[in-house]
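All of these numbers come straight from a predicted model, not from anything done at the bench.
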Amino acid sequence: MWSTRMALAAAAALAIGLAAAGCGDESGGKATGAGQGGFRVPKVPMTKSLGKGEGQVNLVAWAGYAEDGSNEKSVDWVHPFEKQTGCKVNTKIAGTSDEMVALMKTGQYDTVSASGDASLRLIASGAVAPVNTGLVPNYADIFAGLKNKPWNSVNGVPYGIPHGRGANLLMWRTDKVKQAPDSWGAVFDPNSPYKGKVTAYDSPIYIADAALYLMSSRPELGIKNPYALDQKQFDASVDLLKQQRGIIGEYWSDYTKAVQSFKSGDTVLGTTWQVITNYVEADKAPVKAIVPKEGSTGWSDTWMVAAKAQHPNCAYQWMNYIVSPKANAQVAEWFGEAPSNAKACQETADKKFCDTFHATDENYFSKVRFWTTPIAQCLDGRKNVKCVDYSKWTQAWTAIKG
């Protein structure tokens, strides 16, 4: 059984100021590495050493990431942590990335399980601190493919501990869609025979899916990174999504509704996650899901520590614990994602779990463009043009959906 990823990157952007060239304060240092185009970040000190736990830790997390047995008695990795460390866990469940950013800016929380569409906002606003991975022993076993990435590091400096990852897949009902698709073009065809039965993910970050398709279908646009779009590239992506709106039956953010829609046949083609595929197949509905020939977008979550954490010692203990082999395996199986710790695959109850979720398959994930916060400083390294920042993405998404 897996829990839900509720609307990971919903609309209603917060005006965090990432569109400005100087996202940091006057003490900011310039970060030029990790392909991030040189946006400025505040100089927030990194924890140098740990002391005794403070007795509690305040988390902001996605549903399913900090289970304490209250949802299902046998699903509990919070109480073992509390017993082991003496740090009581206080969890605030967030429904969207925007909510996570807002909560972390209050200064009331110590750590957050941020997705890539929130992490750069948190870094640039000074809400989170660089993470001293030397104080997180289990970091050594994190898959190399998740370390020092554009959504969790700046200039080679890590800002979090990778938690897990997954791809956005193309799925279809094999009994309804007669010709198996191999391209995202199937969901962007204005003359689709499945008009009204096509689905798409309900989030501004879905604009990147259109951009990913345009990378190959319209190479003259010169898109190199679906999260780094200049105005012309952005407009083309938005136009494609407005055109797609005519064939969409429903957008989804609650995965349980997506499961029911595919199961009932109300939806026969569209964007999905592996966990949705598993549920639909378990209910005996004939479906197939693939990473299309263009590749895919995807998500990778990162545990980040607040710049002014009130309980930094317990926060570091939590980050180390939650990516330990056993706990990471428990979360991955419950939630429905590939674990971040390579040793977690030895701890899963389902011994085929890591194969199903491609946990060790870096070739598979090399085709996935993980969510990254769009900012004005083009993430593809271009210096002669400004890219469209996330606040504009959210405005456009509202217009797309009408």
> Who are the side chain to side chain donor-acceptor pair (under 3.5 Å) partners of Asp235, not counting sequence neighbours?
Replying inline: Gln231
>> With disulfide (SG to SG under 2.5 Å) as the rule and sequence neighbours excluded, what pairs involving residues 131-163 come up?
In response: none
Compile the donor-acceptor pairs under 3.5 Å between side chains in residues 312-320 and protein atoms, sequence neighbours left out, one pair per line.
unit_1 : atom_1 : unit_2 : atom_2 : d
Asn313 : OD1    : Gly51  : N      : 2.8
Asn313 : ND2    : Lys52  : O      : 3.1
Asn313 : ND2    : Glu54  : OE2    : 2.9
Tyr316 : OH     : Asn132 : N      : 3.0
Asn320 : OD1    : Asn138 : N      : 2.8
Asn320 : OD1    : Asn138 : ND2    : 3.1

>> Looking at Asn155 and Val157, would you say the former's side chain and the latter's main chain have a donor-acceptor pair under 3.5 Å?
In response: no
> Could you give the distance from OG1 (Thr199) to CG (Leu269), rounded to the nearest 0.5 Å?
Replying inline: 9.5 Å
>> Quick one about Asn71 and Glu67 (side-chain donor to acceptor, distance below 3.5 Å, no hydrogens or angles considered), yes or no?
In response: yes
Indicate every side-chain donor-acceptor pair of residues 214-222 with a distance under 3.5 Å to a residue at least two apart or in another chain.
unit_1 : atom_1 : unit_2 : atom_2 : d
Ser216 : OG     : Tyr213 : O      : 3.3
Ser217 : OG     : Tyr213 : O      : 3.0
Arg218 : NE     : Glu220 : OE2    : 3.0

>> In this structure, is the centre-to-centre distance between the rings of Phe262 and Tyr279 below 6.0 Å?
In response: no
>> Filter on disulfide (SG to SG under 2.5 Å), then keep only pairs touching residues 166-209, sequence neighbours left out; what's left?
In response: none
>> Looking at Lys343 and Asp141, is any side-chain nitrogen of the basic one under 4.0 Å from a carboxylate oxygen of the acidic one?
In response: yes
> Counting only N and O atoms by type, is there a donor-acceptor contact under 3.5 Å from the side chain of Ser340 to the main-chain atoms of His163?
Replying inline: yes
> If only atom types and distance count, is the side chain of Gln244 paired as donor or acceptor with the main-chain N or O of Leu240 below 3.5 Å?
Replying inline: no
> Any sub-3.5 Å donor-acceptor pair from Ser113's side-chain atoms to Trp62's backbone N or O?
Replying inline: yes
> Using the benzene-type ring in the case of Trp, are the ring centres of Trp273 and Tyr201 under 6.0 Å apart?
Replying inline: yes
> Counting N and O atoms only, with roles assigned by atom type, does the side chain of Gln233 sit under 3.5 Å from a partner on the main chain of Asp230, one being a donor and the other an acceptor?
Replying inline: yes
> Under the side chain to side chain donor-acceptor pair (under 3.5 Å) test, which residues partner Gln395, sequence neighbours left out?
Replying inline: none
> Does atom NZ of Lys83 have more than 12 heavy-atom neighbours from other groups under 6.0 Å away?
Replying inline: no
>> Check whether Asp68 reaches the backbone of Asp76 with its side chain - one donor and one acceptor, N or O, closer than 3.5 Å.
In response: no
> What pairs of residues pass the disulfide (SG to SG under 2.5 Å) test when at least one of them lies in residues 207-308, not counting sequence neighbours?
Replying inline: none
> Partners of Asp175 by side chain to side chain donor-acceptor pair (under 3.5 Å), sequence neighbours excluded?
Replying inline: Arg173
> Asn168 and Thr271: side-chain donor and acceptor closer than 3.5 Å?
Replying inline: no
> Who pairs with Tyr251 by ring pair (Phe, Tyr, Trp, His ring centres under 6.0 Å), at least two apart in sequence or on another chain?
Replying inline: Trp397
>> Tell me which pairs pass side chain to side chain donor-acceptor pair (under 3.5 Å) where either residue lies in residues 352-363, with sequence neighbours left out.
In response: Arg165-Glu362
> With Tyr139, which residues qualify under side chain to side chain donor-acceptor pair (under 3.5 Å), at least two apart?
Replying inline: none
> Going by the disulfide (SG to SG under 2.5 Å) test, which pairs reach into residues 218-291, not counting sequence neighbours?
Replying inline: none
